[in-house]
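Each remark here refers to the structure printed beneath this line.
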Amino acid sequence: MFESLTMAPPDPILGLTDAFNEDTNPKKINLGVGVYQDASGKTPVFTSVKKAEERLWRNEGTKNYLAISGLAEFDKQVQGLVLGSDTALLARAQTAQTPGGTAALRVAADFLKVACKKNKIWISNPSWPNHNNVFQAAGIEVGTYPYYDITEKTLAFDAMMEALRAIPEGDVLLVHGCCHNPSGMDPDVDQWKQIAAVAAERKLLLMVDLAYLGLGRGLEEDAAGVRLLCQSGCDVLIAASFSKNFGLYRERTAGLILIAQDADAAKRAFSHVKQSIRANYSNPPSHGGSVVATILGDPELRQEWENEVADMRGRMQEMRQMFVDTLKAKGVQQDFSFLIRQNGMFSFSGLTKDHVKALREKYGIYTVASGRINVAGMTRNNMDAICQAIAKVL
């Protein structure tokens, strides 16, 4: 039977990494893959993570299975990190540890389809490409709403709100909690309030993808919009990933937070979430969750981690400014200053598919076909080469 299958298309992002790895150009630069890189171009292990791992290695006494919902301490610490200290909100929350943000989304998708009988979810245009894959694989139809104004290089807020008001009551709305991937454009606090109000008016079920907490404006600032959504009166699901802000990419660590109308409703709903988990992977791995719980539960380690996140955030902001300044110094007339207003690891650069193709074929610079760039892939050492190549292809 397998002999009749044709080759599946490569993943638009992970496939780009494969092509990059096969490129023999010694000066090649990868601005496509979604991982953080430090000033030396490496993806580091956080110092706080290494300290937590050493502590866990010394004290670990069993390799027994975790519960379906994972480590209780992880779940508690994640809720506090994302939701804050609002006791009334925390009382309506239940959390499950999952193998990465993708698994959190897939568990949520199965829960929405099977338990909640939801048939359609609305995602931003553009969005992370894998959102389509995850929800369609669960049998949920995907619709889109306007989000980014390519001409003005800004959030298409009026068009987005008009579209949200037209979403049928009871449908699912997916939003990026912060550092929108791929545009880098986020709503401000007032705009989040308006989004929450419309969601409540339309009786929508909210799905929040929170993959970059702390990499935009700060941990508390980045959580502000999510908390406003949780106070809207809507039921909410939050997929909180720790790949980026803890550097735990290969440990596949995330939390799926469920917010219901009251504590009893949360417990009932969460029982169905656990059924979805049981049918997917039974229970999560321990290591990454133990690292996160250890760091967040220890004041000294947590402060060290927060400092490391701030350093990441500062470096990416520095690279944005340097990118804009260097392009200008290279004589590029096109205005790229909009990049400074964007948040997180990613930006829509405005580069066309032809520009992207030329950068890859002539200069070994890899970006996603949409023109999305990972600013964390830029360093002081490669910035001149990147900007010189862009100046030549524009």
Side-chain angles (χ1 to χ4, degrees), residues 35-36 42-85 87 90-91 93-108 110-111 210-211 213-214 219 237-258 263 266-267 269-309 311-312:
V35 298
Y36 175 78
K42 304 296 183 182
T43 300
V45 179
F46 286 24
T47 302
S48 57
V49 168
K50 292 302 293 183
K51 289 180 179 179
E53 288 180 319
E54 290 171 2
R55 186 181 302 180
L56 291 168
W57 178 76
R58 288 195 304 269
N59 298 325
E60 186 178 50
T62 183
K63 294 292 186 182
N64 196 4
Y65 290 119
L66 298 186
I68 290 176
S69 57
L71 291 161
E73 182 63 17
F74 171 89
D75 298 339
K76 173 187 173 183
Q77 293 294 342
V78 168
Q79 284 184 186
L81 177 67
V82 175
L83 303 179
S85 58
T87 54
L90 292 170
Q94 293 280 330
T95 300
Q97 177 189 343
T98 66
T102 305
L105 290 167
R106 180 55 197 261
V107 168
D110 289 342
F111 165 70
L210 188 62
L213 181 66
L219 288 165
L237 293 166
I238 305 166
S241 170
F242 302 109
S243 293
K244 276 74 176 179
N245 55 11
F246 277 82
L248 294 172
Y249 300 93
R250 66 175 59 175
E251 306 302 348
R252 309 308 298 135
T253 307
L256 177 61
I257 304 173
L258 179 149
K267 290 178 181 178
F270 196 65
S271 70
H272 294 276
V273 169
K274 290 194 287 187
Q275 283 193 330
S276 296
I277 291 173
R278 181 60 172 153
N280 273 283
Y281 52 84
S282 287
N283 43 53
S286 173
H287 185 73
S290 297
V291 169
V292 171
T294 299
I295 292 172
L296 294 181
D298 181 281
E300 185 175 335
L301 284 179
R302 177 163 181 153
Q303 185 59 60
E304 186 167 9
W305 167 71
E306 289 187 6
N307 292 341
E308 291 182 285
V309 172
D311 288 343
M312 292 172 65

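- Summarising the geometry, atom NZ belonging to Lys267 is positioned 11.5 Å from atom OG belonging to Ser271; distances are rounded to the nearest 0.5 Å.
- Residue Leu210 holds its CG atom at 8.0 Å from CD1 of Ile257, rounded to the nearest 0.5 Å.
- With values rounded to the nearest 0.5 angstrom, Leu258 atom CG is found 10.0 Å from Gln79 atom CD.
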Mind running side chain to side chain contact (heavy atoms under 4.5 Å, CB included) on Thr102 and Arg252 for me, showing each step along the way? CA-CA 9 Å; Thr102 305; Arg252 309 308 298 135; 4.0 Å; yes

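- When every heavy atom of Ala67 is checked against every heavy atom of Asn283, the shortest pair comes out as O-CB, 3.4 Å.
- Closest approach of Gly288 to Thr253, counting heavy atoms only: CA-OG1, 3.1 Å.
- Residues Gly84 and Leu90 share a closest heavy-atom pair of O-CD1, 3.6 Å.
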Determine, stepwise, if the pair Asn280 / Arg106 fulfils side chain to side chain contact (heavy atoms under 4.5 Å, CB included). CA-CA 9 Å; Asn280 273 283; Arg106 180 55 197 261; 4.1 Å; yes

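- Residues satisfying the ring pair (Phe, Tyr, Trp, His ring centres under 6.0 Å) criterion with Phe246, sequence neighbours excluded, are Phe242, Trp305.
- Partners of Lys274 under the side-chain hydrogen bond (donor to acceptor under 3.5 Å, both in side chains) rule, at least two apart in sequence or in another chain, do not exist in this structure.
- Minimum interatomic distance between Gly289 and Phe74 (heavy atoms only, all atoms of both residues): O-CD1, 3.4 Å.
- Here the CG atom belonging to Leu256 is positioned 11.0 Å from the OG atom belonging to Ser69, to the nearest 0.5 angstrom.
- Two residues are said to be in side-chain contact when any heavy atoms from C-beta on lie closer than 4.5 Å; Leu296 and Leu81 meet this criterion.
- Counting only residues at least two apart or on different chains, the salt bridge (Lys or Arg N to Asp or Glu O under 4.0 Å) pairs with a member in residues 278-302 are Arg55-Asp298, Arg302-Glu306.
- Checked against side-chain hydrogen bond (donor to acceptor under 3.5 Å, both in side chains), Glu73 has the following partners two or more places apart in sequence or in another chain: Gln77.
- In plain terms, the two heavy atoms of Gly255 and Ala104 that are nearest each other are O-CB, 4.3 Å.
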Check residues 43-50 and write down every donor-acceptor pair under 3.5 Å in which the side-chain atom is one partner and the other belongs to a residue at least two apart or another chain.
unit_1	atom_1	unit_2	atom_2	d
Thr43	OG1	Tyr36	O	2.9
Ser48	OG	Glu308	OE1	2.7

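- Residues Thr95 and Ile238 have side chains not in contact (no heavy-atom distance under 4.5 Å, counting atoms from C-beta outward).
- Under the 4.5 Å side-chain criterion, counting only non-hydrogen atoms from C-beta, Ser276 is in contact with Val107.
- Leu213 CG to Lys244 NZ: the interatomic distance, rounded to the nearest 0.5 Å, is 13.0 Å.
- When every heavy atom of Leu66 is checked against every heavy atom of Pro285, the shortest pair comes out as CD1-O, 3.8 Å.
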Glu251 and Val291: CA distance, side-chain angles, deciding distance, side chain to side chain contact (heavy atoms under 4.5 Å, CB included) verdict: CA-CA 10 Å; Glu251 306 302 348; Val291 169; over 6 Å; no

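- Within the structure, side chain to side chain donor-acceptor pair (under 3.5 Å) pairs that include any residue of residues 287-297 comprise Glu53-His287, Ser286-Ser290 (at least two apart or interchain).
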